[in-house]
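To find a chain, count down the sequence lines: A is the first, B the second, and so on, and within it residues start at 1.
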Amino acid sequence: MRTKKIINAGEDAVDEMLDGILLAHGDVLRAADASPRAIVARDGPRPGKVGLVIGGGSGHEPTFVGFVGRGLADAAAIGNVFASPPPDPALACVQEVDGGAGVLFMYGNYAGDVMNFDMAAEMAAMEDIVVRTVLTTDDVASAPPDAKETRRGVAGNFFIFKAAGAAADEMMSLEEVERVARHANVRTHTMGVALSPCSLPQTRRWNFDLGPEEMEIGMGIHGEPGIARGPLKPADAIVDEMMDRIFDEMGAARGDRVAVLVNGLGATPLMELYIMNRRVQARLVRAGLTTHATWVGNYCTSLEMAGASVTCMHLDDELARLIDRPCHCAMFRVV
Amino acid sequence: MRTKKIINAGEDAVDEMLDGILLAHGDVLRAADASPRAIVARDGPRPGKVGLVIGGGSGHEPTFVGFVGRGLADAAAIGNVFASPPPDPALACVQEVDGGAGVLFMYGNYAGDVMNFDMAAEMAAMEDIVVRTVLTTDDVASAPPDAKETRRGVAGNFFIFKAAGAAADEMMSLEEVERVARHANVRTHTMGVALSPCSLPQTRRWNFDLGPEEMEIGMGIHGEPGIARGPLKPADAIVDEMMDRIFDEMGAARGDRVAVLVNGLGATPLMELYIMNRRVQARLVRAGLTTHATWVGNYCTSLEMAGASVTCMHLDDELARLIDRPCHCAMFRVV
Amino acid sequence: MAVTGADLIGAFAAIAAKMAAERDALCALDGEIGDGDHGIGMALGFGAVREALAELGDDAAPTEVLNTAARAFLSAVGASTGPLYATALMRAGAAVKGKDVLADGDAAALIAAMAEGIAHRGKAAPGQKTMLDAWVPAAAAAEAADGSFAEVLAAAAAAAEAGAEATAEMQATMGRAARLGERSLGHRDPGAVSAAMLIGVLAETLR
Amino acid sequence: MAVTGADLIGAFAAIAAKMAAERDALCALDGEIGDGDHGIGMALGFGAVREALAELGDDAAPTEVLNTAARAFLSAVGASTGPLYATALMRAGAAVKGKDVLADGDAAALIAAMAEGIAHRGKAAPGQKTMLDAWVPAAAAAEAADGSFAEVLAAAAAAAEAGAEATAEMQATMGRAARLGERSLGHRDPGAVSAAMLIGVLAETLR
Ligand SMILES: Nc1ncnc2c1ncn2[C@@H]1O[C@H](COP(=O)(O)OP(=O)(O)O)[C@@H](O)[C@H]1O
Ligand SMILES: Nc1ncnc2c1ncn2[C@@H]1O[C@H](COP(=O)(O)OP(=O)(O)O)[C@@H](O)[C@H]1O
Ligand SMILES: [Mg+2]
Ligand SMILES: [Mg+2]
Ligand SMILES: [Mg+2]
Ligand SMILES: [Mg+2]
């Protein structure tokens, strides 16, 4: 029994998706000549600006391709579903966005992505383009605090990319954009919960089992097992579990500001995300924190997985300014 | 076995969702004093402007509440899940948005909505506020062409409300806004397909059965049975079936312009919607039509139903201008 | 026998209990030809009616009880049933206006007023596969019954029950199910089924 | 015996067929402790290798075959396996550079080069529950085997098989599964399992 999808051949899904994206958003996006899997902002890269290249596997839309556009990422390298892109499209991205000020790679901390993007960076170095790399590691569920640097990057990408993209848009130097990106990453924490599996277009099988009354706390955005599996709880209890962990990690003081993302994994209705947001905001108020901005919706998905994550970015003046800075992407705008 | 949802008590889902929405979008939205189920644009209603009030059952988010904001709807009356709001919140909306130029009710053509909004309109008349009504009937699957006026309103609401909202924002008279709304409705056609059922928060049971390899063409956005049930087809075949019907209805001539919405019903990933869009655009090109604008995403959902719809609005100069006009809603913007 | 406002309050409480118990079954019926929420509306609506009536004194007049019920039902529910039952209850209230207690002859008047209210608000006719197909036969049977309050209601309940069963053979031409055409055949109309339950509870409690 | 470039092309075609056949089984293994796509990458990658090699003439030198395979695998796959197998194949190509045919002694060199390439690119060590736990024992067995090309590969295949089985008892400390801690116990590493399949096909075809 195959899972139900509105696709043609599973092998063609990513390329056909990109066709559909370029047809819908041709005003903002184009494919690089050198690679159809390198999607570039029409109005992003410019001389003297640090180029920001993001990327990773497909299946997380609008992450990554949807965050390409002026003020955010200059290009995205697109992999197969849940698979890092090979070096070629990443290198094509670098070539397209290099404005002479260097290029920053940003992507989630996964072994495959690291190997492929590193190879691309080596190839870029041979063309005398300086490429630096910042990995996102916002998923607090994926490793204990003493091994933070091994954590996965998940929905918090959204804030971390946004901050770095705004820094580059402000024409900061490569060193400065890299500093901002690392700072944003350290200040961003995400915790997720999955209620159902997802399925790859090529296999059309559920990629893991979850009992009819179960949820998994901390599941990764590719269905990687999380921290713990247990009975499905009410929304407030789920959010409390998330917020307790996030507060622990964040170490914010009363009066501090945060930006919030309540993210759906693909099959969870906005109704549920807003019900979660109600509790998130209640917990922030109780902790004496101020919500500077809130986004609710599907920002980093896992195909048709049901579930959600909460991300808090602990702001300072610089991060608040960068998060507020306008951007114009195919699937995300700040005005 | 209950369906999985991230909610608290099912009975509280709508009110808790609204709390979460107001917490996230308090800059754009507020609740009316007279009714917590009447959500009003902070920066919408103004003296001399026709007030646009939309509404209907919950569970379709971002429809209706997400389309409240300057340049689109001035207020939305919010019902229980899949249930028309009672007259009270609709009347509260009228009172909040009346700027002396009259109020237009717009909502999908469902018996419940008609009865409740009509009662509200009668109550408004007793307060000497003129209320006119335009029902949306874009779902081509819901009745044959000789009974167009009995059709349901579905995702095409998006375009029809947008056009009317822009007309009101241009300070057209009530007669003119009503004319635009009717014209937009006549020019807008939607065809949908469902791949899975959805479940109400109060029952947590699937509200219909669909076989593991089946899809239903023309299913309504509350799970009302559609035209035909059959084996799941490839994306291109599904889109072809939709576009054939839409072309028949639209009667557009080569060279004409359309606006396109590829809409997800809740659990269908963006990947699938963009794969559909690829074919939609290919069919439009083949028909000699020009795509003026395309939106892809979850605009009118049915809780966690899997499936999608395609809407085409057949533009003329006036509709193109109105669709392009900026608006600033909680969950939708044109800039 | 004489039916007081307090008796009506008791009857509404019993209706609320019945609808709560049948909620999921009514939703399942509505799932076959509609949007699967009919039981929710009925349970929610009569739950709200029960709560609103609990605020009234035991000496409330029948009209006050019925009008209060109408308002409570409408605000809680919306949907199709909100305006239909609110109008029905308003009409029922009007039909017994000024009476402190209801006499045997009022039973048929109550049911007839309810049926008229529903017909007025919904603009449906019998045979279109709606709740009217329970209410109209009920009103006719009540009119013809000519006995005690309880006997009249029992006749109405039996007719409503039969009317609801008969909707399975009807093709819907009104409401959500109308778009189904022939596919609506073989399924009972949920609104007619809940109407028969409602009248059945009235017959059991107002005796 | 002497192994030609054409023999290698044939071996890669057999690997492609094997990975296509085992695709869903490898995905299922990866679903237990990873992201469920390992079979897709292996099938896609060796499918692309087979296609790229079909463009080469039958007289292609072993190094050219291995380098072409490396590039084809990498561009088609990405993921973790892309760089790992691309590097392995590049190293293998370098190890037999300049040779028109491979002799018995080259079998161990090939397997050792593959293992080194994977270790270099992935920075893992044996015992971390990765494909290295198949490749490193395979290289050691090949080194020790000292017989015909086919005998060396058979020894390597047996060791890889045992190595892959042994990963079930390992706790992952590298790759996606590392975040699982003890929950990775009891599951074989998908990359080690596919490595054993790959070496097994080599042993069957290059004889
Ligand atoms: N115009 C009408 N007149 C009488 N009854 C109607 C009418 N429209 C709908 N109904 C009744 O309402 C029932 C559905 O109620 P419900 O499910 O609560 O509302 P909705 O259709 O809004 O979801 C139908 O089964 C039918 O009996
Ligand atoms: N650093 C590494 N060194 C060696 N092998 C590795 C390393 N990281 C991952 N692997 C292997 O890759 C396999 C997973 O491959 P695959 O599923 O195709 O990639 P991904 O993890 O990107 O989804 C693991 O089972 C493991 O054997
Ligand atoms: Mg992967
Ligand atoms: Mg309903
Ligand atoms: Mg219903
Ligand atoms: Mg994998």
Side-chain angles (χ1 to χ4, degrees), chain B residues 10-11 35 37 55-59 77-90 109-120 139 141-144 147 150-152 197-209 218-229 302, chain C residues 20 23-45 47-48 70-87 90 117-118 120-124 128 130-131 172-184 187 191:
Chain B
E11 293 66 35
S35 168
R37 296 286 189 95
S58 293
I78 311 295
N80 290 329
V81 176
F82 292 177
S84 164
D88 292 352
N109 180 28
Y110 297 92
D113 294 278
V114 172
M115 289 188 277
N116 284 284
F117 279 95
D118 276 357
M119 288 177 83
D139 184 359
S142 56
T150 70
R151 287 178 177 168
R152 302 181 286 235
C198 56
S199 76
L200 298 165
Q202 300 99 324
T203 60
R204 309 279 286 263
R205 285 163 201 250
W206 297 118
N207 63 348
F208 55 89
D209 293 317
M219 173 157 287
I221 55 169
H222 311 89
E224 302 97 329
I227 299 178
R229 195 167 278 207
S302 305
Chain C
R23 193 186 74 156
D24 288 359
L26 290 171
C27 285
L29 271 185
D30 195 27
E32 292 169 17
I33 56 170
D35 62 350
D37 64 354
H38 183 62
I40 292 170
M42 295 300 283
L44 191 67
R71 279 192 303 271
F73 194 97
L74 184 60
S75 323
V77 171
S80 299
T81 39
L84 293 169
Y85 274 114
T87 309
M90 287 284 186
I118 290 165
H120 169 80
R121 177 60 60 191
K123 313 257 181 314
Q128 292 194 293
T130 70
M131 60 173 75
T173 53
M174 197 77 184
R176 272 177 215 282
R179 280 108 182 193
L180 272 182
E182 293 186 358
R183 290 169 77 188
S184 68
H187 304 273

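- Contact annotation for Ser199(B): neither backbone nor side-chain heavy atoms come within less than 4.5 Å of a heavy atom of chain C.
- Phe73(C) places a side-chain heavy atom less than 4.5 Å from the side chain of Met42(C).
- For Arg151(B), the part lying near chain C is the backbone, with the side chain staying farther off; criterion is any non-hydrogen pair under 4.5 Å.
- Heavy-atom distances place both the backbone and the side chain of Pro225(B) under 4.5 Å from chain C.
- Per-residue heavy-atom pair counts under 4.5 Å with chain B were compared for Gly36(C), Gly82(C), Ser75(C), Ala86(C), and the maximum is reached by Ser75(C).
- Val114(B) does not touch chain C: none of its heavy atoms, backbone or side chain, sits under 4.5 Å away.
- Taking 4.5 Å as the limit, every side-chain heavy atom of Ile40(C) sits out of range of all side-chain heavy atoms of Asn80(B).
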For this session: With side-chain contact (heavy atoms from CB on, under 4.5 Å) as the test, would you mind laying out the steps for Gln202(B) and Glu11(B) before giving the verdict?
Result: CA-CA 6 Å; Gln202(B) 300 99 324; Glu11(B) 293 66 35; 4.2 Å; yes
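- For the residue pair Thr203(B)/Asp24(C), the side-chain donor-acceptor check at 3.5 Å is not satisfied.
- Note on Gly79(B), Gly56(B), Pro87(B), Ala143(B): by heavy-atom pairs under 4.5 Å with chain C, the leading option is Pro87(B).
- With a threshold of 4.5 angstrom between heavy atoms, Asp139(B) does not approach chain C through any atom at all.
- Heavy-atom pairs under 4.5 Å with chain C peak, among Asn207(B), Asn116(B), Asp118(B), Ile227(B), at Asn116(B).
- Between Asp37(C) and Asp30(C) there is a side-chain heavy-atom pair separated by less than 4.5 Å.
- Here the side chains of Leu74(C) and Met119(B) are in contact, with some heavy-atom distance below 4.5 Å.
- Proximity to chain B (any heavy atom under 4.5 Å) is shown, for Ala43(C), by neither the backbone nor the side chain.
- Interatomic distance, OH of Tyr110(B) versus CZ of Phe82(B), reported as 9.5 Å (0.5 Å rounding).
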